[in-house]
J.: 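After the structure tokens below, expect a handful of questions from me.
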Amino acid sequence: HAKEGGRNQFHFYTGLMNIDALERLNLENSLRQALARNELELFYQPKIMLHARPTTADRQAAAAINTAANRDSEWHYPLVGAEALIRWRRAGELVPPGRFIPLAEKSELIEQIGNWVIDETCHQLKKWRRQGRPELPVAVNVSARQFRAGNLAEVIAASLQKYQVPAHLLELELTESILMEKPEEAVDLLEACTKLGVAVSLDDFGTGYSSFAYLSRFPISALKIDQSFVRDLGHRSEAAMIADSIIGLAHQMGIVVVAEGVENIVQLDHLRQRGCDQVQGYLFSPPLPAGDFTQLPALFSPARGEPGHAR
Ligand code: C2E
Ligand code: MG
Ligand code: MG
Ligand code: MG
């Protein structure tokens, strides 16, 4: 009777899909308006470097601040970049990307949104440059459909040109699954982007379908350990095994490894001891509006008290 159950299930899901379709249409329409009405906004989450050995000046600055204690958790780490994360300010409420990006992915809307994200990031980079802020690279997330459109390098070149921003200040984050859809084309497209001077990271690394053969052919400069592995550091040994392997893999490839979703000192200490280069997470800072990001110090110390304060 499993087959019968299957058939019933089919009807059941068909019914649900009708409701879904209606909701989707509503949401799609308001998202379209959101774009037109400037209701989309970028937040910026700091990327923190774990081994503070860039320049003697930086090291001396860090040493001067770390007078009292030498416990790992007391150390201060330099801010080395940011990730731009989209938000929708909808009737006073801040809607996270998980609630509208997957839907936008189903239509050409995601291309408009993706182009807006690149444009807005370059615009912000220009503003920070004009204010004389230290120049930190900002990474944008690229969705599957946006990548499939095939004109990513042109879109990026146009925005860089429009705001007169040097290409090394813009970075891309893509998942391995996006690249593996059509790996040969992905190599070409990524090379067109890196030729401009834009660095590429593999996001959510370890969760998708990956091929070691292709990994070495993609011009990538960083692997980002998915937060699901980071979350379980300290109480699930498989998570530690996976995180450690990704760190080793990145370093074998001669590229940087970044951990995302670092919320506590246990996770930080593990990652730092294994040689992870950079981290992002609530332990240091949630994603922030541009104005708040500007107020951040050049050197960070892990937040005191409870891990995972509100976004
Ligand atoms: P992602 O690129 O992997 O981004 C990391 C997510 O982890 C972000 O969620 C960030 O706010 C969250 N996060 C950062 N630190 C912590 C932490 O310590 N603990 C926990 N639990 N979470 C942390 P967010 O902003 O909700 O974005 C979710 C996903 O939506 C992103 O995952 C990315 O795939 C997508 N996304 C965000 N912005 C854009 C965008 O502009 N374009 C596209 N195509 N996708 C975007
Ligand atoms: Mg990302
Ligand atoms: Mg990620
Ligand atoms: Mg993720």
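Note that ligands are numbered from 1 as they come in the structure, with each ligand's atoms numbered from 1 the same way.
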J.: Check this for me: does any side-chain nitrogen of one of E191 and K195 sit under 4.0 Å from a carboxylate oxygen of the other?
T.: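 Between K195 and E191 there is no salt bridge, as every charged N stays at least 4.0 Å from the carboxylate O atoms.
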
J.: Determine whether the side chain, the backbone, both or neither of Q280 has a heavy atom under 4.0 Å from any heavy atom of ligand 1.
T.: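 Contact part for Q280 vs ligand 1: neither.
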
J.: Which of the atoms of ligand 1 are close to D203, meaning less than 4.0 Å from one of its heavy atoms?
T.: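 Answer for ligand 1: 1 (P), 2 (O), 3 (O).
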
J.: Less than 3.5 Å apart, any donor N or O on the side chain of N141 or E83 sitting next to an acceptor on the other?
T.: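 A donor-acceptor contact under 3.5 Å links the two side chains.
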
J.: So, is P96 polar-close to ligand 1, with some N/O to N/O distance under 3.5 Å?
T.: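 No, P96 has no N/O under 3.5 Å of an N/O on ligand 1.
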
J.: Indicate yes or no: does E135 engage R129 in a salt bridge with an N to O separation below 4.0 Å.
T.: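 A salt bridge links E135 with R129.
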
J.: Taking 4.0 Å as the limit for heavy-atom contacts, which would you say applies to D204 with ligand 1: side chain only, backbone only, both, or neither?
T.: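 Side chain only; the backbone of D204 stays clear of ligand 1.
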
J.: With the threshold set at 4.0 Å, does a side-chain nitrogen-carboxylate oxygen contact exist between E105 and R145?
T.: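 Salt bridge absent between E105 and R145.
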
J.: Which option, E120, Q227, K224, E260, owns the non-hydrogen atom nearest atom 6 (C) of ligand 1?
T.: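 The residue whose heavy atom sits nearest atom 6 (C) of ligand 1 is Q227.
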
J.: Backbone or side chain, does any N or O of Q146 fall under 3.5 Å from an N or O of ligand 1?
T.: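 So ligand 1 has no N or O lying under 3.5 Å from an N or O of Q146.
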
J.: Give the atoms of ligand 1, by number and element, whose distance to some non-hydrogen atom of Q45 is under 4.0 Å.
T.: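 In order of numbering, the contacting atoms are 14 (C), 15 (N).
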
J.: Could you name the option among P97, A84, A104 that has the heavy atom nearest to atom 36 (N) of ligand 1?
T.: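 Ranked by closest heavy atom to atom 36 (N) of ligand 1, first place is P97.
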
J.: Whether the T294 and R133 side chains hold a donor-acceptor pair (N or O, under 3.5 Å, no angle test) is what I'd like checked.
T.: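 Looking only at side-chain atoms, R133 and T294 do not form any donor-acceptor pair under 3.5 Å.
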
J.: Work out how many protein N, O or S atoms lie closer to the Mg ion (ligand 2) than 2.8 Å.
T.: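 Near the Mg ion (ligand 2), the number of protein N, O or S atoms below 2.8 Å is 4.
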
J.: Going by distance alone, is a donor N or O of one side chain under 3.5 Å from an acceptor N or O of the other, for E184 and Y214?
T.: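 Checked: E184/Y214 side chains pair up, N/O donor to acceptor below 3.5 Å.
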
J.: Please state whether the rings of W128 and F293 are parallel, tilted or perpendicular, taking 30° and 60° as the class boundaries.
T.: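 Tilted: the ring planes of W128 and F293 meet at 30° to 60°.
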
J.: Nearest heavy atom to atom 2 (O) of ligand 1: which of N141, I113, V230 does it belong to?
T.: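 Considering heavy atoms of N141, I113, V230, the nearest to atom 2 (O) of ligand 1 sits in N141.
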
J.: Find all atoms of ligand 1 within a distance of less than 4.0 Å from any non-hydrogen atom belonging to G281, and give their numbers and elements.
T.: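 Counting from 1, the qualifying ligand atoms are 15 (N), 18 (O).
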
J.: Answer yes or no: are there more than 12 heavy-atom neighbours, outside K182 itself, under 6.0 Å from its atom NZ?
T.: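 Not more than 12 within 6.0 Å, no.
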
J.: Need the ligand 1 atom indices (1-based, order shown) with element for anything under 4.0 Å from a heavy-atom of P287.
T.: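 Near P287, meaning under 4.0 Å from one of its heavy atoms, ligand 1 has 11 (O).
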
J.: Restricting to side chain to side chain contact (heavy atoms under 4.5 Å, CB included), what partner residues turn up for I242, sequence neighbours left out?
T.: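 Side chain to side chain contact (heavy atoms under 4.5 Å, CB included) check on I242 returns F229, I246.
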
J.: Identify, with sequence neighbours excluded, every residue that meets side chain to side chain contact (heavy atoms under 4.5 Å, CB included) alongside P297.
T.: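 For P297, the residues satisfying side chain to side chain contact (heavy atoms under 4.5 Å, CB included) (neighbours in sequence not counted) are F300.
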
J.: Would you please determine whether E105 falls within less than 4.0 Å of ligand 1 on a heavy-atom basis?
T.: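 Flag not set, E105 not near ligand 1.
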
J.: Considering only heavy atoms of V117, which atoms of ligand 1 have at least one such atom less than 4.0 Å away?
T.: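 What qualifies from ligand 1 is 41 (O).
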
J.: If the contact criterion is a heavy-atom separation under 4.0 Å, does G261 count as touching ligand 1?
T.: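 In this structure, G261 qualifies as a contact of ligand 1 - some heavy atom is under 4.0 Å.
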
J.: Number the atoms of ligand 1 from 1 as they appear, then name those within less than 4.0 Å of a heavy atom of R87, with their elements.
T.: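 Listed by number with element: 11 (O), 24 (P), 25 (O).
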
J.: Judged on heavy-atom distance to atom 44 (N) of ligand 1, which of A259, A144, S143 sits nearest?
T.: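 Going through A259, A144, S143 one by one, S143 has the nearest heavy atom to atom 44 (N) of ligand 1.
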
J.: Less than 4.0 Å between a side-chain N and a carboxylate O, is that true for K224 and E260?
T.: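 K224 and E260: salt-bridged.
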
J.: Output every pair passing ring-ring contact (aromatic ring centres under 6.0 Å, His included) with a member in residues 134-183, not counting sequence neighbours, ordered by first then second residue.
T.: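 Every ring-ring contact (aromatic ring centres under 6.0 Å, His included) pair that includes a residue of residues 134-183, provided the two are not neighbours, is H123-Y163.
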
J.: For Q252, does the CD atom sit with more than 12 other heavy atoms under 6.0 Å from it, leaving out its own atoms?
T.: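 At most 12 heavy atoms, drawn from other residues, nucleotides or ligands, come within 6.0 Å of this atom.
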
J.: Is it true that Q280 and Q45 share a donor-acceptor pair across their side chains at a distance under 3.5 Å?
T.: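 Their side chains do contain a donor-acceptor pair, which is all the 3.5 Å distance test asks for.
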
